Amino acid sequence: MNDSYLNFVNSPFGARVARSLGLPKPEVLRRYRADQPEFGGLMAIGAGREPQLLDALANLVTGIGVTSVAHESAGLWVPLANRHGLMTGRFEAAESGSQGKLAALLFDASGIEDSTQLEPLHGFFHDTLRSLGRCGRIIVLGRPPESCATPRQWTAQRALEGFTRSLGKEARRGITANLVYVEQGAEGRAEATLRFFLSPRSAYVSGQAVRVAAAGAGLEATSTFDWHQPLAGRRAVVTGAARGIGASIASVLAAEGAHVIGIDIPTAREALDATMRQLNGTALAFDIAAPEAPAQIAAALDEQGVDIVVHNAGITKDKTIAKMTEAAWQSVIDINLSAQERIDDALLAAGILRDGGRIVGVSSISGIAGNLGQTNYATSKAGVIGRVQSMAPQLRARGITINAVAPGFIETQMTAKIPLAIREAGRRMNSLSQGGQPVDVAQTIAWLAHPGSAGVSGQVVRVCGQSLIGA
Ligand SMILES: NC(=O)c1ccc[n+]([C@@H]2O[C@H](COP(=O)([O-])OP(=O)(O)OC[C@H]3O[C@@H](n4cnc5c(N)ncnc54)[C@H](O)[C@@H]3O)[C@@H](O)[C@H]2O)c1
């Protein structure tokens with residue numbers, strides 16, 4: 001759907017009107033385009049005491065080929081960068097006024113062990129934030145609090161979450177701020193995640209705290225991939241692929257090299273066929289909630305197996321509980337939740353989902369916050385989160401990850417049905433003051449499906465522009 005307000009305030013006349021009336025001016029977000037460089041510009045590096053992730057950052061900077069500047073808090077960076085043969089310089093305090101100079105700010109807080117050591121966060125971002133350009137990226141790196149050795153360290157690492165989320169709310173201008181907790185031993189597994197959060201692919205993901213775990217490290221040793229076509233040779237099933245977010249997921253996974261098998265209901269067959277034809281994919285017209293569907297899907301995939309399963313199909317049947325029929329309750333739970341369980345069980349039991357595979361469920365911020373008129377929908381979407389959290393430890397031994405994305409307001413036919421006033425509120429009540437696009441959800445799923453995301457499992461990543469709902 002078209003966001004006419006965003007288009008208006010970004011026109012020369014609209015910008016003048018917005019300025020004179022003091023209206024909010026959402027930024028036109030920079031999104032990934034295959035014909036434009038994904039990374040570029042200057043990246044400023046800061047650090048707290050005894051940073052432990054600078055080597056991982058040096059590998060990242062080498063991989064994406066950008067130039068870095070070291071803030072005074074990261075004295076160790078310059079000799080390290082020199083050792084890696086990287087182009088680097090020092091961030092000068094005088095640059096703090098020069099808006100737009102930097103593309104990203106990265107801060108290594110992994111060595112902070114006590115709340116009294118948090119000040120360098122203030123120092124670094126105080127000096128650099130005004131130099132960050134529009135649609136810039138902020139990443140704070142830490143250690144997962146629950147893996148910390150002492151209560152003081154846990155406390156200080158947990159504090160990073162409030163800091164990063166607040167930065168996301170302050171920064172504006174299409175800037176995102178996210179926190180990546182890298183477990184000890186997982187330093188070599190963080191690159192795909194750091195690339196995602198630095199890239200325009202994460203345009204609508206802000207205020208998130210993501211963990212990269214060491215558990216099962218080594219299982220992916222046999223998995224080689226090319227950063228430009230990371231899913232080449234992999235097969236991906238996407239449910240609800242005929243339109244909206246599902247069609248976009250199918251298209252992004254195909255662009256990354258996957259062969260996509262799209263599933264949708266028989267009445268959507270024409271649209272599904274058209275989408276899959278464009279992607280050289282395979283169309284399967286099944287109602288995923290039909291009792292025979294899991295066996296039919298398993299049979300259709302059996303010969304070659306599958307590496308990625310994306311449970312995207314979902315419906316709403318909104319009514320307050322007193323007015324909701326049993327059928328409306330049941331169909332939403334069945335399609336949005338129980339069908340996912342039955343399909344996964346069938347694919348896992350028969351070994352059709354291969355070891356090292358990826359499962360991604362589409363939840364919703366309604367499943368986190370609850371929503372008036374959506375007891376059925378929010379129940380199903382909270383269930384998706386429970387499923388991911390409960391299954392992740394069970395699947396670890398096979399190197400299979402399972403995660404959920406929780407979209408906020410995304411411009412699709414589903415949200416076009418919402419009455420205008422509520423729709424407008426849903427669009428603006430987030431740090432980026434706009435709705436997301438289906439591709440924002442799709443790109444987040446592609447990162448979770450990436451062979452380099454083996455350390456990311458059991459997590460829920462919101463794609464909501466840091467919505468106030470359920471925050
Ligand atoms: N649009 C949003 O703002 C938003 C927000 C949060 C979560 N979501 C979730 O994202 C997912 C996709 O949403 P969308 O906005 O693209 O919706 P949509 O209605 O545009 O597309 C959903 C697709 O799922 C298919 N589908 C429905 N029931 C099915 C069944 N029984 N078997 C097979 N396919 C079936 C539909 O035919 C359709 O093609 C859903 O799970 C939805 O709950 C959307």
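Atom set for the values below is all heavy atoms of this structure, side chains included, hydrogens, waters and symmetry mates excluded. All ligand and atom numbering here is 1-based and tracks the order in the structure. All figures in this text were calculated on a predicted structure; none of them were measured in a lab.
No side-chain heavy atom of Y181 sits under 4.5 Å from any side-chain heavy atom of E146. Counting heavy atoms from C-beta on, the side chains of L395 and T401 never come closer than 4.5 Å.
Partners of D345 under the side chain to side chain donor-acceptor pair (under 3.5 Å) rule, at least two apart in sequence or in another chain, do not exist in this structure. Taking S380 as the reference, N336 meet the side chain to side chain donor-acceptor pair (under 3.5 Å) condition, with sequence neighbours excluded.
A salt bridge between E38 and R201 is present, with a side-chain N of the basic residue lying under 4.0 Å from a carboxylate O of the acidic one.
The closest protein non-hydrogen atom to atom 13 (O) of ligand 1 is I245 CD1, 3.9 Å. Scanning all protein heavy atoms for the shortest distance to atom 10 (O) of ligand 1 gives V362 CG1, 3.4 Å. In this structure, atom 35 (C) of ligand 1 lies nearest to the protein heavy atom A313 CB, 3.7 Å. Here the protein heavy atom with the shortest distance to atom 40 (C) of ligand 1 is N312 O, 3.2 Å. The nearest heavy-atom contact from the protein to atom 5 (C) of ligand 1 is G408 O, 3.1 Å. Looking only at protein heavy atoms, the nearest one to atom 36 (C) of ligand 1 is D264 OD1, 3.4 Å. The shortest contact between atom 32 (N) of ligand 1 and any protein heavy atom is with I288 N, 3.0 Å. Regarding atom 29 (C) of ligand 1, its nearest protein heavy-atom neighbour is I265 CG2, 3.7 Å.
When non-hydrogen atoms are compared, ligand 1 lies under 4.0 Å from the side chain of Y377 (C-beta onward) but not from its backbone. At a heavy-atom distance under 4.0 Å, only side-chain atoms of K381, from C-beta outward, approach ligand 1. Counting heavy atoms closer than 4.0 Å to ligand 1, residue T239 contributes nothing at all.
R195 forms a cation-pi arrangement with W227, by the criterion of a distance under 6.0 Å to the ring centre and an angle within 45° of the ring axis.
When atom types are taken as modelled, the side chain of R427 and the backbone of Q434 share no donor-acceptor pair closer than 3.5 angstrom.
Considering only non-hydrogen atoms, atom 3 (O) of ligand 1 lies nearest to I410 out of V441, I410, V405, L272.
When only modelled atom types and interatomic distance are considered, S366 and Q374 share a side-chain donor-acceptor pair under 3.5 Å. In summary, the side chains of R31 and Q437 do not present any donor paired with an acceptor at a separation below 3.5 Å, with no hydrogens or angles considered.
Annotation: S363 places no N or O atom under 3.5 Å from an N or O atom of ligand 1; distance criterion only. Geometrically, ligand 1 and I335 share no nitrogen or oxygen pair separated by less than 3.5 Å.
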